[in-house]
Amino acid sequence: MSAAPRFRSEFLRTFVERGAYYDCTLPEELDALFQKERVTAYIGFDCTASSLHIGNLVQLMTLRRLQQAGHRPILLMGGGTTKLGDPSGKDEVRKLLSSEQIEANKQSILKGIRHLLKFGDGPSDAIMVDNAEWLDKLEYISFLRDVGRHFSVNRMLTMESVKLRLDREQPLSFLEFNYMVCQAYDYVELYRRYGCRLQSSGSDQWGNIVSGIDLGHRLENVQLYALSTPLITTASGAKMGKSASGAVWLNADMRSPYDYWQFWRNTEDGDVGRFMRIFTDLPLDEIARLEKLKGAELNEAKKILATEAATIVHGRAAAQAAAETARRTFEEGGISGGLPTIEIAKSEFPIGVLTLAVKSGVTSSNGEARKLIANNGLRVNDTPVTDAKATIGLAALTAEGVLKVSSGKKTHVLVKPV
RNA sequence: GGGGGAAUGUCCCGAGUGGCAAAGGGGGCGGACUGUAAAUCCGCUGGCUUAGCCUUCGUAGGUUCGAGUCCUACUUCCCCCA
């Protein structure tokens, strides 16, 4: 990484100030380009899941900031590359996704980020493109002749991603070589179709972007650019987003706005300012003020972080509702209808606590529920459960007509007999 | 094509003289302490109708009272030779 250059263009300056800058190619030229014209830039995502997660969020924020600065972001969906199956995961043979599934994932992903970017036909509206549009139609031999001949295997072998794999004696298939080539080709194709001059990504994708830039020189005699973001880790060194139950999804149906808000609320102290800069639109001077708060006061900043970050993904109303639910639950110790709610038939009552724990979703098996009880971690209506054989009758319902089932201090679910 | 190795608790890494629900980490979850933080300490971390039973060590067979461990075939990966 080079030290952040002093940029003059609004976009790049903001990008650096907000801590999203890691590296770029030809900084002066790129800066000049941003000052001169509306730039079209893209970031690619694959379609292996029906939602993006916060690991993708830095990239999405890059697109958002581009748009805010009046440029045109392209969201490239890897509908074509996903069909090959992503070979980068190590052991496990991936099941190939069907075209229908990929299409469904694509639509779902798009739905999940609709608050983040404005799509449309306007000059700085975002556009969504699927690389299946061109990759599906490629003919092997002519592709090799036109594109493949520009790739040096010698050079590909020296690329970080490849070298790492070989050194660690991890499998590396021919497919992956083609993956790199396809990705490089995407860039050139986006230049041809949309005049796209910039590709952004996490720093781990640097090599692939540079390959695309090379290909741009050779096929179209054009100068393309790369811009990368740092790998975001928490202050204590963990990768972002690998929390509790796996990935922190952006789609509301895979992780509720309330839980999403909670994720940010639980940010480590040392990350508050940095995360605010990257993951919210809060003005920098306000962030500077908030991150200076000490000790427990910093919790106020975390609430703002949570609400602002949730607003970007779920919209203002949902974010505020999540904040209110958290306030009622944690600060008043009460019951808020905003908590995740599960319905159970009245006929199942009286219900055993183990069954209740599993059905409410706070544990995934009876055994886990037993262990939770043994560790004094399961509570019903804020009363610790001490006996795994206990049953809960309808008489235990709160005034609101629900049961509050909790695992530990943070996970609360409402059970509603119907 | 020939030779040599590897695959372990479905989160990851990793030990495992034929008696193994299988060492140890990491991660995760709970508890204590706090501020819904970090650090630290403690407990848990295959399932069940839990003094017991059932299912797990790449896949399928076999030897054995008994197989993660031995044999055979197969699959995938790595290394060396061609």
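Quick note on labels: first sequence line is chain A, next is B, and so on, each numbered from 1.
- The side chain of A:Lys409 lies closest to B:rG31, out of B:rC48, B:rA37, B:rG31.
- For the segment residues 292-302 of chain A, the set of residues with a heavy atom within less than 4.0 Å of an atom of RNA chain B comprises A:Gly295, A:Ala296, A:Asn299, A:Lys302, in numerical order.
- Close to B:rG47, at under 4.0 Å from its OP1 or OP2, lies no side-chain N or O of A:Asn366.
- Judged by atom type and distance alone, A:Glu368 does not reach the base of B:rU45 through any side-chain donor-acceptor pair under 3.5 Å.
- Remark: the A:Thr307 side chain and the A:Trp261 side chain contain an N/O donor-acceptor pair separated by less than 3.5 Å.
- Counting only distance, with no hydrogens or angles, the side chain of A:Ser51 and the backbone of A:Asn251 share a donor-acceptor pair below 3.5 Å.
- Nearest to the side-chain atoms of A:Lys371 among the listed nucleotides B:rG47, B:rU49, B:rA37 stands B:rG47.
- Using cut-offs of 30° and 60° for the angle between ring planes, the A:Trp264 and A:Phe279 rings count as tilted.
- Under the side chain to side chain donor-acceptor pair (under 3.5 Å) criterion, A:Lys292 pairs with no residue, sequence neighbours left out.
- A side-chain donor from one of A:Gln59 and A:Thr229 sits under 3.5 Å from a side-chain acceptor of the other.
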Give the table of side-chain donor-acceptor pairs shorter than 3.5 Å for residues 408-418 of chain A, with sequence neighbours excluded, one pair per line with atom names and distance.
from	atom 1	to	atom 2	distance (Å)
A:Lys410	NZ	A:Asn266	OD1	3.2
A:His412	ND1	A:Ser406	OG	2.8
A:His412	NE2	A:Lys409	O	2.9

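- For B:rG46, the OP1/OP2 oxygens have no side-chain nitrogen or oxygen of A:Ser365 closer than 4.0 Å.
- Contact annotation: A:Arg370 side-chain N/O to B:rU49 OP1/OP2 distance is under 4.0 Å.
- The nearest heavy atom of RNA chain B to A:Lys389 and to A:Thr267 marks one nucleotide each, and the one closer to the 5' end goes with A:Thr267.
- Contact annotation: A:Lys410 side-chain N/O to B:rA37 OP1/OP2 distance is under 4.0 Å.
- The listed nucleotides are B:rG47, B:rG30, B:rU36; the one nearest the side chain of A:Asn375 is B:rG30.
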